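Written below as structure tokens is the structure these notes are about.
Nothing here was measured: the structure is a model prediction, and the numbers come from that model. Sequential numbering from 1 along the given sequence is applied to the chain's residues. Basis for what follows: all heavy atoms, side chains included, without hydrogens, waters or symmetry-related copies.
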Amino acid sequence: MKFTFLLLCAIFGCAIAMRQQSVAVSGRLVCGNKPASGVKVKLWDEDDGPDPDDVLDEGFTNNDGTFRLEGSERELTNIDPVFKVYHDCDDGILPGQRKVKFRIPNSYISAGGRAQKTFDIGVLNLETIFPKEERDLL
């Protein structure tokens, strides 16, 4: 009986320690001098170790290339927000899509379920060849 009580207290303590955190990102994507409309964008919490990465929000850019993503997650430690773009700008006929990711500064992580401020990534020209760019073949 005593062991069960201690186990329940430990589980309850861990649940309380899990902090809800939120983040938001916005911006505009272009391909050369044209808006990059319909481009897939995702907001992730990338985790190290056994905890799997979590998609916080995803969508597509508007006709003018603008987007806004916001999401939240409960974690014991700080979330590690990453903004990812999957696109075919200046890609020719290569298979899959170009994948670019950007880490969002910790100062844009808010406590609670709604982001208190939005990281404005600005205008990104997807013709740029970004360092550590990858290909998404799925």
Side-chain angles (χ1 to χ4, degrees):
M1 185 72 164
K2 193 176 196 179
F3 176 75
T4 305
F5 177 73
L6 291 175
L7 182 61
L8 287 174
C9 286
I11 292 170
F12 183 71
C14 286
I16 289 175
M18 301 289 273
R19 301 175 292 136
Q20 184 159 14
Q21 304 164 65
S22 57
V23 65
V25 60
S26 66
R28 182 169 178 254
L29 305 179
V30 296
C31 182
N33 60 0
K34 296 180 180 174
S37 64
V39 172
K40 183 191 281 188
V41 289
K42 292 185 179 184
L43 182 58
W44 288 82
D45 170 26
E46 284 195 347
D47 294 305
D48 295 328
D51 189 14
D53 296 344
D54 304 298
V55 177
L56 303 177
D57 195 12
E58 62 184 299
F60 294 90
T61 56
N62 298 323
N63 288 339
D64 61 355
T66 60
F67 66 89
R68 184 175 190 286
L69 300 174
E70 179 177 356
S72 68
E73 180 71 18
R74 284 193 180 277
E75 292 227 350
L76 189 59
T77 59
N78 284 350
I79 60 173
D80 299 302
V82 175
F83 169 63
K84 294 183 182 181
V85 180
Y86 304 80
H87 69 95
D88 291 310
C89 177
D90 201 29
D91 201 23
I93 59 169
L94 294 174
Q97 292 186 303
R98 295 171 62 190
K99 180 173 80 172
V100 184
K101 70 180 183 177
F102 303 91
R103 294 219 172 267
I104 297 175
N106 288 341
S107 60
Y108 288 89
I109 299 172
S110 302
R114 298 285 300 171
Q116 300 301 309
K117 56 184 179 175
T118 301
F119 180 63
D120 182 355
I121 202 158
V123 178
L124 294 175
N125 187 340
L126 298 178
E127 286 181 320
T128 304
I129 299 170
F130 296 94
K132 298 184 181 179
E133 189 172 298
E134 300 174 13
R135 295 204 69 77
D136 187 52
L137 298 173
L138 297 177

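- Between Phe67 and Ile121 the shortest side-chain heavy-atom distance falls below 4.5 Å.
- Rounding to the nearest 0.5 Å gives a distance of 12.5 Å between CZ of Arg68 and CG of Asn62.
- For the pair Gln20 (side chain) and Met18 (backbone), a donor-acceptor distance under 3.5 Å is absent.
- Between Gln21 and Ile79, the shortest heavy-atom distance links the atoms OE1-N, 3.1 Å.
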Could you tabulate the donor-acceptor pairs under 3.5 Å formed by side-chain atoms of residues 23-36, not counting sequence neighbours?
from  : atom 1 : to    : atom 2 : distance (Å)
Arg28 : NE     : Asp64 : O      : 2.9

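- Residue pairs that meet the ring pair (Phe, Tyr, Trp, His ring centres under 6.0 Å) test with at least one member in residues 113-132, sequence neighbours left out, are Phe102-Phe130, Tyr108-Phe119.
- Asp91 has its side chain within reach of Arg135: a pair of non-hydrogen atoms, C-beta onward, lies under 4.5 Å apart.
- Looking at Ser72, its side chain never comes within 3.5 Å of a backbone N or O of Ser22 through a donor-acceptor pair.
- Residues Trp44 and Leu56 do not share a hydrophobic cluster, defined by chaining ILVMFWY side chains whose heavy atoms lie under 4.5 Å apart.
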**Request:** Under the side chain to side chain contact (heavy atoms under 4.5 Å, CB included) rule, what do Val39 and Val85 come out as? Steps first, then yes or no, please.
**Result:** CA-CA 7 Å; Val39 172; Val85 180; 3.7 Å; yes
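- Between Asp90 and Leu126, the closest side-chain pair of non-hydrogen atoms is not below 4.5 Å.
- Rounded to the nearest 0.5 Å, atoms NZ (Lys42) and CG (Asp136) are 7.5 Å apart.
- For Glu46, the salt bridge (Lys or Arg N to Asp or Glu O under 4.0 Å) criterion is met by Lys84, Lys101, Arg103, not counting sequence neighbours.
- In this structure, the side chain of Asp45 engages the main chain of Asp80 through a donor-acceptor pair within 3.5 Å.
- The two residues Tyr86 and Lys99 come nearest to each other via the heavy atoms CE2-CD, 3.3 Å.
- Distance alone, capped at 3.5 Å, is enough to place a donor-acceptor pair between the Thr61 side chain and the Gly38 backbone.
- Counting heavy atoms from C-beta on, the side chains of Glu70 and Thr118 never come closer than 4.5 Å.
- Here CG of Asp54 is found 6.0 Å from CD of Glu75. Values are rounded to the nearest 0.5 Å.
- Counting heavy atoms from C-beta on, the side chains of Val82 and Ile104 never come closer than 4.5 Å.
- Looking at Arg98, its side chain does come within 3.5 Å of a backbone N or O of Cys89 through a donor-acceptor pair.
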